[in-house]
Amino acid sequence: QVALVESGGGEVQAGGSLRLSCAASGLTFSFYTMAWFRQAPGKEREFVSTITRRDSLSIDYSDSVKGRFTVSRDNARNTAYLQMDSLKPEDTGVYYCATFLLGNGLTYRPEGYRYWGQGTQVTVSS
């Protein structure tokens, strides 16, 4: 059974930093793309970042976080990370990690992934 568990969320002032972790189990972690999404109150879940599997490492970010967020993975620890710097109030939301692309071409959409974590709250105050 696949499980993803996010941690590291919290409340921080604008300009601060947080590091989110996503611990995976029940799958061969290094084989799969890992993605981060976020959802603000009253808004749709939106793409944040992806990092592909070990043998074809590729990284992508949404325009809104590019240059401020850094995604990484440690295949030995079955864990993905999202380092978030220069945080802004508009970064507030629940952050989710996801994995297992469904092969429908929706890499940047929630509908593209099968497995999700429970989410971790990030609140950035001004």
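When every heavy atom of Phe37 is checked against every heavy atom of Pro110, the shortest pair comes out as CE2-N, 3.6 Å. In terms of heavy-atom proximity, Val71 sits nearest to Thr50 at CG1-O, 3.9 Å. Across all non-hydrogen atoms, the minimal contact from Leu106 to Glu111 is CD1-CB, 3.8 Å.
Judged by distance alone, the side chain of Ser30 and the main-chain N or O of Asn75 form no donor-acceptor pair under 3.5 Å. Judged by distance alone, with hydrogens and angles left aside, the side-chain atoms of Tyr113 form a donor-acceptor pair with the main-chain N or O of Thr107 at under 3.5 Å. With Tyr81 contributing its side chain and Asp74 its backbone, the two residues share no donor-acceptor pair below 3.5 Å. A donor-acceptor pair is defined here as one N or O able to donate and one able to accept, closer than 3.5 Å; no such pair exists between the side chain of Arg45 and the backbone of Val94. Side-chain atoms of Thr92 come within 3.5 Å of backbone atoms of Val124 as a donor-acceptor pair (strictly under, hydrogens ignored). A distance-only check finds a donor-acceptor pair linking the side chain of Glu6 to the backbone of Cys97 [under 3.5 Å]. A donor-acceptor contact shorter than 3.5 Å is absent between the side chain of Gln83 and the backbone of Arg19.
Gln121 pairs by the side chain to side chain donor-acceptor pair (under 3.5 Å) definition with Thr123, not counting sequence neighbours.
No continuous path of ILVMFWY side-chain contacts below 4.5 Å connects Phe47 to Val65, so the two sit in separate hydrophobic clusters. The same ILVMFWY cluster, assembled from side-chain heavy atoms under 4.5 Å apart, contains both Leu102 and Tyr32. A single hydrophobic cluster is not seen to contain both Val48 and Leu101; linkage of ILVMFWY side chains at heavy-atom distances under 4.5 Å, directly or through other members, places them apart. Both Val2 and Phe29 are members of a single hydrophobic cluster when ILVMFWY side chains are connected at heavy-atom separations under 4.5 Å. Note: the hydrophobic cluster containing Tyr108 does not contain Leu82 (ILVMFWY, side chain heavy atoms under 4.5 Å, direct or indirect links).
The CG atom of Leu4 sits 10.5 Å away from the OG1 atom of Thr79 when rounded to the nearest 0.5 Å. Separating the OH atom in Tyr61 from the CZ atom in Arg68 is a distance of 12.0 Å, to the nearest 0.5 Å. Between the CH2 atom in Trp116 and the CZ atom in Phe100 there is a gap of 14.5 Å [rounded to 0.5 Å]. Taking CD of Glu90 as the start and OG of Ser126 as the end, the distance is 10.0 Å to the nearest 0.5 Å. Rounding to the nearest 0.5 Å places CD of Gln118 at 9.0 Å from OH of Tyr96. Rounding to the nearest 0.5 Å places CD1 of Ile59 at 7.0 Å from OG of Ser49.
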Q: Given salt bridge (charged side-chain N to carboxylate O under 4.0 Å, His left out), test Asp63 with Lys66 step by step and report yes or no.
A: CA-CA 5 Å; Asp63 288 342; Lys66 198 171 294 182; 3.4 Å; yes

Q | Chi angles and distances behind the side chain to side chain contact (heavy atoms under 4.5 Å, CB included) call for Ser62, Phe69 | A | CA-CA 10 Å; Ser62 68; Phe69 290 12; over 6 Å; no

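Side-chain contact between Arg77 and Ser21 is absent, with no heavy-atom pair separated by less than 4.5 Å. Using a 4.5 Å heavy-atom cutoff, the side chains of Met84 and Val122 are in contact.
Heavy-atom neighbours of Glu44 CD from other residues, nucleotides or ligands within 6.0 Å: at or below the threshold of 12.
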